[in-house]
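Here is the naming used below: chain letters follow the sequence lines, and residue numbers restart at 1 for every chain.
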Protein chains: 2
Amino acid sequence: MINVLLADDHTMFVDGIDSILKAEADITVVGKVYTGPEVIDFVKQNEVNLILLDVNLPGMNGIEVCKALKEFNNTTKILAISMFNEESFVTEILNNGAEGYILKNTGREELLKALRTVVGGKSYFSDDVTQTIMKGLMKQRRASKQREGFFPKISRREKEVLRLIIQEHTTQEIANKLFISLKTVESHRSSLLNKMNARNTAGLVRIALENNLLD
Amino acid sequence: MINVLLADDHTMFVDGIDSILKAEADITVVGKVYTGPEVIDFVKQNEVNLILLDVNLPGMNGIEVCKALKEFNNTTKILAISMFNEESFVTEILNNGAEGYILKNTGREELLKALRTVVGGKSYFSDDVTQTIMKGLMKQRRASKQREGFFPKISRREKEVLRLIIQEHTTQEIANKLFISLKTVESHRSSLLNKMNARNTAGLVRIALENNLLD
DNA sequence: AATATAATAGGGGAATACCCTTAAAGTACA
DNA sequence: TGTACTTTAAGGGTATTCCCCTATTATATT
């Protein structure tokens, strides 16, 4: 038997889901809650296998609830639901422990499938959500591509020096490691500052990490 | 009519796909190639709508091919295929311009669906691949969670200083901006180095960025 | 009210990074 | 076989960071 908790501030929506799940023999809706703190309280006092959790709960939102919940509970699965197919929502709640993410326009069949998949220990995502995430993955490329153009390309040796700088080595240490003179390393540092348009080491490190310059 | 190029070093596999696609009225296999450079050459001389591209081509691998191709061609779609459901493969080739990713154990029906979806301008991914990527997304959480524990928490003021350091400001500039003395900022810097276990500014920046310490 | 932590600030010194200029030798490319 | 870029290196100086130490005042926390 799957014990489900519904957490959403839209009563009508909650009731709709409730009536859908009632028809299923292996699923019981053990509770309905309408705010974040209620979710936490309920889970502490009842056995819940899965929470259908609205991402945009008022007050304490779904993401915070998720985070708080995972602090003390690892068995209850979380299937996030939302009106919005927003990349930031999806990634954030997934980073905070949700096992699945579906949209509110999801039909009865898919809802049930998602629910059972997540309870079964796997993850589930609406096709639309998947598209969004993957697009995000692909966007990175275009963005970093554009930025590439901003830098004159960094030479092989410069890249080595840069890597060692980021690993917290001093100029002297880098010189020793690469068997070259202190002055040479200084010279590389200086061209790095120029090419990357940085004022100091902090900038070097930030720009390098932000733009994945170490590949 | 969809013009497809097959790029894979396993002849038998290529022929298998070829025969599957032959049965489709709207699809023509316009070429079969077995190495990376051949792909580039072929696309330069023929009209190709979609490439079924093996990620693990010998010599110049699929990822490099993808990158090279997107340099001069934006119309040809790329559907990556691979034996391996490896997160690094998937993310890398997606970051380099592929529109879809399927596994070699994909059946005929799914292959055709993937192919038409990608040609239609949308992205397509095998369910398994989606699972892998999403798992990767979720793993980040666990990793960054663990690391959080390593730091004593950084105070409000220290965080401000840290942020300005990352923005390439010198100690003197930070002091001016925050209306405090140079020595106070030095003092904050020094506790940051301690708390974050960094040797110098480079480490400060790297650790802060890697662990999202600025939220 | 007592105790801990944070924020403030100073002196003084050593280590490191940054700047400017110059220049030779190696390497790749057309 | 030039031309451009990279890698190497130096002198000499300034700026900045880092490291000791100490110490007062605020702000939580219990």
Side-chain angles (χ1 to χ4, degrees), chain A residues 148-211 213-215, chain B residues 37 40 60 64 68 71-72 148-209 211 213-215:
Chain A
E148 266 169 42
F150 281 123
F151 308 113
K153 68 163 168 295
I154 289 154
S155 74
R156 200 195 89 259
R157 201 56 156 174
E158 284 162 355
K159 216 171 269 190
E160 286 184 80
V161 171
L162 181 55
R163 183 172 289 114
L164 291 167
I165 290 171
I166 295 173
Q167 284 168 11
E168 300 180 48
H169 294 291
T170 66
T171 303
Q172 185 60 66
E173 288 170 352
I174 296 171
N176 296 151
K177 263 183 193 281
L178 300 182
F179 303 104
I180 55 180
S181 123
L182 181 79
K183 276 297 181 182
T184 305
V185 179
E186 280 190 336
S187 158
H188 288 311
R189 288 190 87 124
S190 155
S191 17
L192 282 168
L193 287 172
N194 264 317
K195 287 186 179 176
M196 294 167 68
N197 237 305
R199 292 180 65 195
N200 51 33
T201 305
L204 237 44
V205 176
R206 195 200 69 233
I207 296 167
L209 294 182
E210 279 178 354
N211 296 284
L213 258 43
L214 296 186
D215 310 330
Chain B
I40 308 289
M60 187 186 194
E64 295 170 70
E71 294 294 326
F72 67 90
E148 266 169 41
F150 280 122
F151 307 114
K153 65 164 171 292
I154 289 153
S155 76
R156 200 195 86 259
R157 202 55 156 173
E158 284 163 354
K159 216 173 270 188
E160 287 183 79
V161 171
L162 182 54
R163 183 171 290 112
L164 291 168
I165 290 171
I166 295 174
Q167 284 167 14
E168 301 179 47
H169 295 290
T170 65
T171 304
Q172 185 61 66
E173 287 169 352
I174 296 170
N176 296 150
K177 263 184 192 279
L178 300 182
F179 304 104
I180 55 181
S181 122
L182 182 78
K183 274 297 178 180
T184 306
V185 180
E186 281 190 336
S187 177
H188 289 311
R189 289 190 83 126
S190 149
S191 17
L192 282 168
L193 288 173
N194 263 318
K195 287 186 180 178
M196 295 168 67
N197 237 307
R199 293 179 64 196
N200 51 34
T201 305
L204 238 43
V205 176
R206 195 201 67 232
I207 296 167
L209 295 183
N211 296 281
L213 257 42
L214 297 186
D215 310 327

Review point. Taking atom types as they are modelled, is there a donor-acceptor pair under 3.5 Å from the base of C/dT8 to the side chain of B/Ser187?
Key: yes
Exercise for review: Ignoring the backbone of B/Lys183, work out which of D/dT7, D/dC18, C/dG11 is nearest its side chain.
Suggested key: C/dG11
Check your understanding: When we call it a touch if two heavy atoms are under 4.0 Å apart, what does B/Ser191 touch: a base, just sugar-phosphate, or nothing?
Key -> nothing
**Study point:** Under 4.0 angstrom between B/Thr171 side-chain N/O and D/dT17 OP1 or OP2
**Key:** yes
Exercise for review: Looking at every strand, decide which applies to B/Leu193 at a 4.0 Å heavy-atom threshold: base, sugar-phosphate, or nothing.
Suggested key: sugar-phosphate
Check your understanding: Under a 4.5 Å cut-off applied to non-hydrogen side-chain atoms, are A/Met196 and A/Ile154 in contact?
Key -> yes
Review point. Which is true for B/Gln172 with a 4.0 Å heavy-atom rule: it touches a base, it touches only sugar-phosphate, or it touches nothing?
Key: nothing
Exercise for review: For residues A/Val161 and A/Leu178, determine if any side-chain heavy atom of one lies less than 4.5 Å from a side-chain heavy atom of the other.
Suggested key: yes
Point to revise | A/Arg189 side-chain N/O to C/dA17 phosphate OP1/OP2 under 4.0 Å | key: yes
Review point. Does any non-hydrogen side-chain atom of A/Ile207 lie less than 4.5 Å from one of B/Glu168?
Key: yes
Check your understanding: C/dC18 phosphate, OP1 or OP2: any side-chain N/O from A/Thr201 under 4.0 angstrom?
Key -> yes
Point to revise | Distance in angstrom units between A/Glu173 CD and C/dA15 P, rounded | key: 14 Å
Revision key, fill the gap. A correct 5'-to-3' footprint of nucleotides 24-30 of chain D, with B, S and - meaning base, sugar-phosphate only and no protein heavy atom under 4.0 Å, is -------
Practice item. Can you tell me the distance, in whole Å, between the CZ atom of B/Arg157 and the C1' atom of C/dT5? Key: 16 Å
Point to revise | C/dT8 OP1/OP2 closer than 4.0 Å to side-chain N/O of B/Thr184 | key: no
Exercise for review: Considering only NZ, NE, NH1 and NH2 on the basic side and carboxylate oxygens on the acidic side, decide whether B/Glu160 and B/Arg163 come within less than 4.0 Å.
Suggested key: no
Check your understanding: For B/Leu162 and B/Glu158, what are the C-alpha separation, side-chain angles and deciding distance, and is it a side chain to side chain contact (heavy atoms under 4.5 Å, CB included)?
Key -> CA-CA 6 Å; B/Leu162 182 54; B/Glu158 284 163 354; over 6 Å; no
Revision key, fill the gap. The reported gap from CD1 in A/Ile174 to CD in A/Gln167 (rounded to nearest 0.5 angstrom) is 9.0 Å
Review point. To the nearest angstrom, how far is B/Leu182 atom CG from C/dG10 atom P?
Key: 9 Å
